[in-house]
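Residue numbers start from 1 in every chain, and the chains themselves are labelled A, B, ... in the order their sequence lines are given, proteins ahead of strands.
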Amino acid sequence: MIENAEAVARSLLANAPAESTTEPVLREALEKAVAHPGRMVRAGLIMAAAHNHGLRPAAAEQLACALEYWHQASLILDDLPCMDDAEQRRGLPCLHRTHGEATAILAALGLINRAYALVQRAYLSESVEVREQACALVESALGAAGILSGQAWDLRFGHGQGAPREVGRIAWRKTGALLWLALSLPLLPSGAWQRERRALRALGVYWALAYQAMDDLLDVSVPKGGSGKTPGRDAALNRPNLTIALGAPLTRRRIERLLARADTQVRQLCQRDPRWTYLADWHERLLLTRYRLFIAA
Amino acid sequence: MSEAREILVTVQEVWKAYDEGRVPVLQGASLEVRAGEMVALWGASGSGKSTLLHLIGGLDVPDRGELHVCGHDPRRESDRLELRRRHLGFVFQLHNLIADLTVEENLRVPALAVGRPTAQTTARIRTLAEQVGIAHRLKHRIQDLSGGERQRVAICRALMNEPRLLLADEPTGSLDEATGDLIFSLLKELAVRNGIAVVLATHERRFAEACHRWLRVRNGKVSDA
């Protein structure tokens, strides 16, 4: 896995939209944005899916970079003063704090545009049907009814009722959108996505909600600097947070339940076809996140 | 090895081809592995060694033939994941560790998957890390380790859930000669000490000859060397 991670990190730098002709401050912001890619969970999922389901390595690399660019852009925009007004991300000052809000927005747009171009290149040699499916998936995940609605609900959450169900709906739109793309896009050419769409969607929902619930718990329980981002922002900004809505014990119980359901999906997928085993690796990684949060903290 | 030992792996007349049958890899391969035995599959690159290991490990399914592993049939096993998590350990040429996690966290992952109690896991990590000489590196991240150290961690991870069978696919393939020798010796010593059977895929004859038994994989078939 490390060989993949190192290769993807190199690709992120190589494919970055920071050209020699790019305005210098914007170029510096773009280089900073891709220099600290975090855990590259989505890229890792794509590389593993490609290896097991026969996607061309070049296409896998392009999709992996695209997903990480979208993810990075969503974080840059999410951290802005008009959104979460965060101070730090991945243990470093947010991009708008080092390069200004306008440059941060331009850098995010640069990453988003490059990501669309990379996805298009990844499917150039595929059938029209596959390309149409890719367009539809990207549109539904990242369009106005997808991650953008998630963010809009997030911003207006303080005016609503704040029920746990509402928190979950927002979490799926926000966290689930990119995860769903990482799960589905590399499987389009082989037809594996079409065969297992229902199970993969369920798995994506359980993973996204479990991950978001763990993040919510972290936001209210970890001191500043402990998680690499600004804690306590959800309470301060009246944003959806499952732990605030339910309390820590019920949040923990919900995380256990979601992970158990995800485990069942992974088992059933692996039973039908051993090529899904890579999903077990990613599920086990989430179990480690739970361990860190519940036991090691 | 005693003939009375339990048979852990039975592969009988197994066939496997890729690309809709156009690329035949295994053509009636058969072998047996007994408990505690270290068996090498020796052959050139592309001879089918890795495919055979993948079939034994339930990572792929044969086109036809019989397969039994630790009392289970990986093709029909109702819970293939359970077989993989509890009874088998894998060591690959590329160690497949999670780069941004520490050594200890990487070792904890397989134990979490089977719900092993935390205190028991911590003790097991400590024991294995001492056995392979990486106890001083437990808090270090994988990306800060040398190739040999990473492979030691990979061996520990494979042994975390006390498997009965270890499948090792060219575990020394990405290492220099001296480090490769060390890792092979370590693998053998740990297998003997813990009573674990090992199926080792290798193209290096010196490693094959150093196992209890070695088999040759050629033209999709397995024969005594």
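The environment of A:R272 atom CZ is dense: over 12 non-hydrogen atoms of other residues, nucleotides or ligands sit within 6.0 angstrom. Within 6.0 Å of atom CZ in A:R39, 12 or fewer heavy atoms from other residues, nucleotides or ligands are found, so the atom counts as exposed in its surroundings. More than 12 heavy atoms of other residues, nucleotides or ligands lie within 6.0 Å of NE2 in B:H68, so this atom counts as buried by the packing criterion. Summarising the local packing, CD of A:E129 is surrounded by 12 or fewer heavy atoms from other residues, nucleotides or ligands at distances under 6.0 Å.
Looking at heavy atoms from C-beta onward, B:L112 lies in side-chain contact with A:R290 at the 4.5 angstrom threshold. A heavy-atom distance below 4.5 Å is found between the side chains of A:R292 and B:L101. Contact annotation: the side chain of B:V109 never approaches that of A:R285 to less than 4.5 Å [non-hydrogen atoms, C-beta and beyond].
Residues of residues 9-28 of chain B never come closer than 4.5 Å to chain A when only heavy atoms are counted. Taking 4.5 Å as the heavy-atom cut-off, the residues of residues 57-66 of chain B that approach chain A are B:G58, B:L59, B:D60, B:V61, ordered by number.
Atom CG of A:L288 and atom CD1 of B:I98 lie 7.0 Å apart (nearest 0.5 Å). Here OG1 of A:T277 is found 5.5 Å from CZ of B:R84. Values are rounded to the nearest 0.5 Å.
Contact of A:D273 with chain B is made through the backbone alone, with heavy-atom distances under 4.5 Å.
A salt bridge links A:D263 with B:R85; the closest basic N to acidic carboxylate O contact falls under 4.0 Å.
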